[in-house]
Amino acid sequence: MKTLELLAPARNTDIGIAAIDCGADAVYIAGPGFGARKAAGNPIDDIRRLCEYAHRFGVKIFLTVNTIIYEDEVQEVHNLMLEAQDAGVDAFIVQDPLITGFKDINVPLHASTQCSIRTPERARELEALGFERLVLERELSIEQIRKIREAVSCELEVFVHGALCVCYSGKCNLSEHIDGRSANRGECIQACRSLYNLEDANGKVLVENKALLSLKDLRLKERLEDLAGLDIISFKIEGRLKNASYVRNVVREYSLALDRLIEQHPGKYRRASFGKVSGGFTPDSTKTFNRGYTELFLDGERGRWSSMDAPKSMGEMIGKVLSIRNAGQSDCEIEVAPYNKGLQLSNGDGFAFLSGKEIVGFRGDVCSGSRIRCKKIQDLGIGDALFRNINAAFEKQMDANPCKREITATVSLSVKDGYTIIAEAKGDDGKTATLSIPAGQTTAENRERMLSLLENQLSKKAGIYSFSLKAVNIDTTDGTIPFISTAGINSIRRELASKLESIAAERQFRKCFPSVDVIGPSSDWYELTHDRNAELMRSKYCIRFELGLCPTKQKARESGPLFITNNGRKLALGFDCRNCEMTVREVI
């Protein structure tokens with residue numbers, strides 16, 4: 001039976017715990033340094049706390065050490081990894097191959113998406129270095145993924161949801177070129193979300209003040225079955241800078257989708273961790289941060305992937321502004337012509353609209369039906385499209401109905417040697433605990449009542465376990481059963497739960513090491529080049545195609561050289577039509 005893993009992001013330990021409660025099978029998080037999101041670091045003590053919580057459910061914790069490493073940092077990185085390994089992490093997600101040479105790092109190494117894995121040759125190269133899992137490029141098609149799967153035997157992981165880099169991962173030098181901050185060192189300034197003009201060779205402005213490099217967000221919830229059919233083991237959600245609300249909502253939605261997939265294929269798949277999630281809220285990823293959604297290149301076809309009009313989250317379109325009237329000296333009342341007749345707005349909802357090329361947001365102080373009372377909003381006009389990017393009622397629903405995760409366990413009770421009770425509990429997580437308890441010399445006056453009391457008290461919850469009594473075996477000659485008080489039975493249940501939770505989760509260890517020692521930093525694999533003729537980025541995304549200017553696929557007239565400009569900076573666009581890719585270079 002194949003395991004399917006839902007891998008969730010965590011900015012900190014509390015968000016990681018929330019992801020686990022909502023159904024994550026694994027969580028990736030950064031330690032104190034060397035993670036590709038510099039603003040999302042965590043102390044080792046917090047990593048230890050997350051590991052302890054996660055391992056109760058068989059959930060794995062992956063630590064990101066996915067920046068390039070400089071020579072004077074090697075020992076610091078090594079020490080950090082040893083501390084994290086001791087804290088209980090189950091794998092490291094890394095970019096720099098020098099880490100494969102650390103012989104005392106015993107847990108698996110995963111090759112980060114920053115390794116730019118998009119060909120079978122690259123996949124084989126990294127597997128040979130000792131990586132036991134490869135995190136594939138987001139821009140791949142089903143057919144490209146299939147070829148990589150056929151080329152290697154290691155685990156494969158794919159992104160299924162979240163923000164998209166415009167370039168091939170790990171190959172973007174734009175941030176460092178513009179501001180001196182390297183994306184490969186965790187300091188990306190997200191230049192792809194900035195506004196640019198598009199100009200021709202004569203300086204004529206063809207498109208003005210748009211986020212020409214900004215992509216929509218990825219959403220592959222409906223394609224999980226296709227990916228599982230390719231022996232993808234892990235389905236990854238992007239978002240280590242996202243808040244708890246985002247993580248809980250998206251994780252719950254994808255966890256339910258994986259559960260449905262497993263139900264549709266009985267005996268074929270199982271989840272990689274244990275425990276049933278109960279209660280909670282009805283998830284909806286359209287109600288949380290997104291720039292619009294795309295399946296990108298999964299079907300091997302180019303589509304409209306750009307979010308150039310809205311590089312930030314606009315949220316769900318709720319309708320158009322029908323009327324605006326003054327409602328006091330500083331307030332106004334907005335009437336919305338709803339896109340959906342069932343629209344219900346709530347106090348505290350957040351709204352957004354486009355004013356020229358800028359996104360303007362505001363808060364609805366008092367909302368009822370399709371009316372919004374708020375502070376007066378400049379530039380909002382009749383007929384403007386209005387979006388809701390904060391759904392206050394949905395946020396309250398999530399807060400009021402947190403998910404609970406429990407593991408089912410069965411209890412068998414035996415009475416031996418007259419008055420010795422043997423209690424055995426078996427959890428769905430494979431753990432088994434046994435207690436041997438002297439029951440004293442008192443016989444229960446009413447056998448059936450005693451059995452009923454055992455049934456009731458041993459079929460309750462304790463810790464993370466939800467118990468049910470499976471069997472009671474009495475081997476006394478006369479069939480009598482010892483009397484056990486309610487408090488005594490509850491104590492048995494609690495002690496069984498404690499024993500089960502104390503059993504350490506199994507950890508995997510590295511299966512292979514590179515055939516040759518990696519003796520020093522290999523950051524030249526990924527490090528920024530200062531060759532002014534070098535590419536700043538290469539992308540499957542193409543501005544010409546987005547604007548209907550592609551001479552190959554759209555039969556448009558050849559446009560000649562094109563440039564993007566921002567605050568006096570001018571960058572040249574290149575079009576590799578043979579490979580259907582776009583490049584960005586410095587203008588010399």
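Excluded from the calculations below are hydrogen atoms, water molecules and symmetry mates; all remaining heavy atoms, backbone and side chain alike, are included.
For the pair Lys540 and Tyr168, the NZ or CZ position fails the cation-pi test of under 6.0 Å to the six-membered ring centre and within 45 degrees of the ring normal. Stacking of Arg304 on the aromatic ring of Phe545 is recorded, both the 6.0 Å distance cut-off and the 45° axial limit being met.
In summary, Arg219 and Glu253 engage in a salt bridge, as defined by a charged side-chain N under 4.0 Å from a carboxylate O. Using a 4.0 Å cut-off between a side-chain N of Lys or Arg and a carboxylate O of Asp or Glu, Arg49 and Asp14 qualify as a salt bridge. Ion pairing between Lys461 and Glu406 holds under the 4.0 Å rule for side-chain N and carboxylate O. Salt-bridge check for Glu333 with Arg325: passed, with a basic side-chain N closer than 4.0 Å to an acidic carboxylate O. Ion pair Asp349/Arg363 not flagged as a salt bridge, since none of the NZ, NE, NH1 or NH2 atoms sits closer than 4.0 Å to an Asp/Glu carboxylate oxygen. The pair Asp365-Arg373 fails the salt-bridge criterion, with no side-chain N (NZ, NE, NH1 or NH2) lying under 4.0 Å from an Asp/Glu carboxylate O. At a threshold of 4.0 Å, the pair Asp284-Lys287 counts as salt-bridged, since one of the basic side-chain nitrogens sits closer than that to a carboxylate oxygen.
A side-chain donor-acceptor contact under 3.5 Å links Arg405 and Ser273. Between the side chains of Arg270 and Thr3, no donor N or O sits under 3.5 Å from an acceptor N or O. Side-chain N/O atoms of Tyr246 and Asn290 include no donor and acceptor closer than 3.5 Å. For the residue pair Glu395 and Ser245, a side-chain donor N or O sits within less than 3.5 Å of a side-chain acceptor on the partner. For the 3.5 Å distance criterion, the side chains of Ser169 and Arg138 qualify, holding a donor opposite an acceptor. Ser214 and Ser307 share a side-chain donor-acceptor pair at under 3.5 Å.
Here the CZ atom belonging to Phe575 is positioned 11.0 Å from the SG atom belonging to Cys580, to the nearest 0.5 angstrom. Here the OH-CG distance, from Tyr269 to Leu4, works out to 6.5 Å after rounding to the nearest 0.5 Å. Between Tyr293 atom OH and Glu295 atom CD the span is 12.5 Å, to the nearest 0.5 Å.
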For a side-chain hydrogen bond (donor to acceptor under 3.5 Å, both in side chains) check, start with the C-alpha distance between Thr282 and Arg252, then their side-chain angles and the critical distance, and finish with the verdict. CA-CA 8 Å; Thr282 302; Arg252 190 75 191 110; over 6 Å; no
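Side-chain contact between Leu134 and His110 is absent, with no heavy-atom pair separated by less than 4.5 Å.
Gln95 places a side-chain N or O within donor-acceptor distance of the main-chain N or O of Asn66, the cut-off being under 3.5 Å.
With ring centers used as reference points, Phe351 lies under 6.0 Å from Phe362.
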